[in-house]
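The first residue of the sequence shown is numbered 1, and numbering continues consecutively from there. Only heavy atoms go into these numbers, but all of them, side chains included; no hydrogens, no water, no symmetry mates.
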Amino acid sequence: GCLVLGLLPAKVHSLPQTNAKEVLATATRLNFVPPPPPADIGIPGDRTGAGRRGCIANSSAMPDKQLTAIVPIAKAATGVDVVWGMTTAEHPTFWFYVPYRAQDVHAAKFVLRAADNRIAYQTAVPLPNQPGVISLTLPKTAAPLEIAKQYHWYFNIYCAERKPPTAIVHGGVQRRAIAPTLASQLEQATPQKRAELYFANGFWYDAVTVLGELYYRNPGNIELAQDWAKVLHFVGLEAIASEPIASCCHLMQQVRREL
């Protein structure tokens with residue numbers, strides 16, 4: 001039969017409340033400085049996939065926003081546009097806008113491959129009940145990303161059983177070591193200041209995770225909403241800046257099963 005991945009019962013969890021002192025009264029000075037992608041970037045990637053109508057039959061009156069990876073598009077040395085970003089994390093977090101509800105799709109799957117195309121991690125993803133922005137963090141049970149190695153991730157949406165994915169987004173991630181001076185600054189910084197430092201030093205995945213989690217915990221904070229919108233504008237994703245951040249998705253121990 002066809003080998004697919006299932007999950008142990010998914011845990012949908014809310015993040016803990018943030019101390020009010022962590023939220024600054026004024027908007028942060030965010031300035032993303034995109035680093036040049038390495039020469040051995042490999043597959044360019046694709047930041048957007050099929051829209052919601054791909055999984056729903058009678059949806060002509062429904063807005064058709066696309067599955068979107070919240071990742072920059074950078075210009076490689078070859079002149080090719082690539083979906084790519086850096087991280088300092090052994091187990092980074094990946095952010096996506098998902099235009100589907102859980103009941104709209106058959107399955108969702110996240111795959112991480114090493115530079116040699118070996119699967120480093122893969123799992124099914126439990127989607128939220130409403131469209132929105134989600135984050136997927138590699139679990140501690142997964143092998144940590146190695147410094148300076150290239151990885152390529154895929155997020156696939158399957159609308160029907162035993163069919164190819166209806167929507168696919170994919171891109172690159174590279175873990176880099178951080179300088180001792182930056183590490184010291186990060187250790188002493190507030191969450192918003194950490195986001196500023198990560199953005200200024202080109203660590204996209206870390207920066208958007210700090211800011212996204214802070215905004216999720218404080219959805220009524222105008223300054224954080226402005227910061228989130230500004231960050232998405234940096235990378236040409238202002239169309240999804242007003243989309244809610246969902247309490248999702250906890251990637252768990254993968255369980256193989258045959259269909």
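- A distance-only check finds a donor-acceptor pair linking the side chain of Y151 to the backbone of E146 [under 3.5 Å].
- Atoms CG and OG1, from L136 and T93 in turn, are 8.5 Å apart once rounded to the nearest 0.5 Å.
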Show, in sequence, the C-alpha distance, side-chain angles and deciding distance for I70 and I240, and conclude whether the side-chain contact (heavy atoms from CB on, under 4.5 Å) test is met. CA-CA 10 Å; I70 302 178; I240 61 172; 4.1 Å; yes
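- Q66 contributes a side-chain N or O that, together with a main-chain N or O of G49, makes up a donor-acceptor pair within less than 3.5 Å.
- R113 places no side-chain N or O within 3.5 Å of a backbone atom of H152 that could act as its donor or acceptor partner.
- Each of F199 and F203 belongs to its own hydrophobic cluster when Ile, Leu, Val, Met, Phe, Trp and Tyr are linked at side-chain heavy-atom distances under 4.5 angstrom.
- In this structure a side-chain-to-backbone donor-acceptor pair under 3.5 Å is present from H91 to A142.
- Residues L138 and V173 are members of one and the same hydrophobic cluster, defined by side-chain heavy-atom contacts under 4.5 angstrom among Ile, Leu, Val, Met, Phe, Trp and Tyr.
- R175 places none of its side-chain heavy atoms less than 4.5 Å from the side chain of P92.
- In the hydrophobic clustering of ILVMFWY residues, with side-chain heavy atoms under 4.5 Å counting as a link, L145 and I41 come out apart.
- Distance alone, capped at 3.5 Å, is enough to place a donor-acceptor pair between the N221 side chain and the E223 backbone.
- Shown are Y121, Y154, F110, F155; of these, the ring-ring contact (aromatic ring centres under 6.0 Å, His included) with F94 is made only by F110.
- Scanning both residues, A76 and V82, for their nearest heavy atoms gives CB-CG1, 4.2 Å.
- Rounded to the nearest 0.5 Å, atoms CG (L232) and OH (Y97) are 12.5 Å apart.
- Side-chain polar atoms of T209 and E213 form no donor-acceptor pair below 3.5 angstrom.
- Applying side-chain contact (heavy atoms from CB on, under 4.5 Å) to V105 and the options I157, T166, V125 leaves one that passes, I157.
- D104 has a carboxylate O that lies under 4.0 Å from a charged side-chain N of R101, or vice versa, which qualifies the two as a salt bridge.
- Within 6.0 Å of CD1 on I119 lie more than 12 heavy atoms contributed by other residues, nucleotides or ligands.
- Residue-environment remark: CD (E187) stays at or below the threshold of 12 foreign heavy atoms within 6.0 Å.
- Between N201 and L197, the shortest heavy-atom distance links the atoms ND2-O, 2.7 Å.
- Of the candidates Q192, Q226, E196, E196 is the only one forming a side-chain contact (heavy atoms from CB on, under 4.5 Å) with L30.
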Please step through side-chain contact (heavy atoms from CB on, under 4.5 Å) for the pair L67 and T48, ending with a clear verdict. CA-CA 6 Å; L67 177 69; T48 56; over 6 Å; no
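- Annotation: the span from E243 atom CD to I134 atom CD1 amounts to 13.0 Å, rounded to 0.5 Å.
- Contact detail for I178 and T88: the closest heavy-atom pair is CG2-CG2, 3.0 Å.
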Check step by step if ring-ring contact (aromatic ring centres under 6.0 Å, His included) holds for W228 and Y216. CA-CA 10 Å; W228 181 251; Y216 171 80; over 10 Å; no
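- The structure places CD of Q188 at 12.0 Å from CZ of R194, a figure rounded to the nearest 0.5 Å.
- Counting heavy atoms from C-beta outward, R47 and V169 have side chains that stay 4.5 Å or more apart.
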I would like to know whether V235 and I73 meet side-chain contact (heavy atoms from CB on, under 4.5 Å); could you show each step before the answer? CA-CA 7 Å; V235 293; I73 293 178; over 6 Å; no
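- The line from CG of D116 to NZ of K149 is 8.5 Å long, rounded to the nearest 0.5 Å.
- The minimum heavy-atom distance between T68 and L237, with the atom names listed, is CG2-CD2, 3.6 Å.
- A side-chain contact (heavy atoms from CB on, under 4.5 Å) with P44 is found for one member of V83, D81, V80 and no other, namely V80.
- In this structure, N156 contributes its side chain and I168 its backbone to no donor-acceptor pair below 3.5 Å.
- For the residue pair F96 and A69, the shortest heavy atom distance occurs at CD2-CA, 3.7 Å.
- By the 4.0 Å N-to-carboxylate-O rule, K140 lies too far from E90 to be salt-bridged with it.
- Cluster membership for Y198 and W95, using ILVMFWY side-chain heavy atoms within less than 4.5 angstrom, is not shared.
- Atoms NE2 and OH, from H106 and Y158 in turn, are 9.5 Å apart once rounded to the nearest 0.5 Å.
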Taking it one step at a time, do F234 and V208 satisfy side-chain contact (heavy atoms from CB on, under 4.5 Å)? CA-CA 11 Å; F234 282 158; V208 78; over 6 Å; no
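- Aromatic pair F32/W204: centroids less than 6.0 angstrom apart.
- Minimum interatomic distance between V71 and G85 (heavy atoms only, all atoms of both residues): CG1-N, 4.4 Å.
- Q174 and R176 are linked by a side-chain donor-acceptor pair at a separation below 3.5 angstrom, with hydrogens and angles left out of the test.
- Between W84 and Y205, the gap from one ring centroid to the other reaches at least 6.0 Å.
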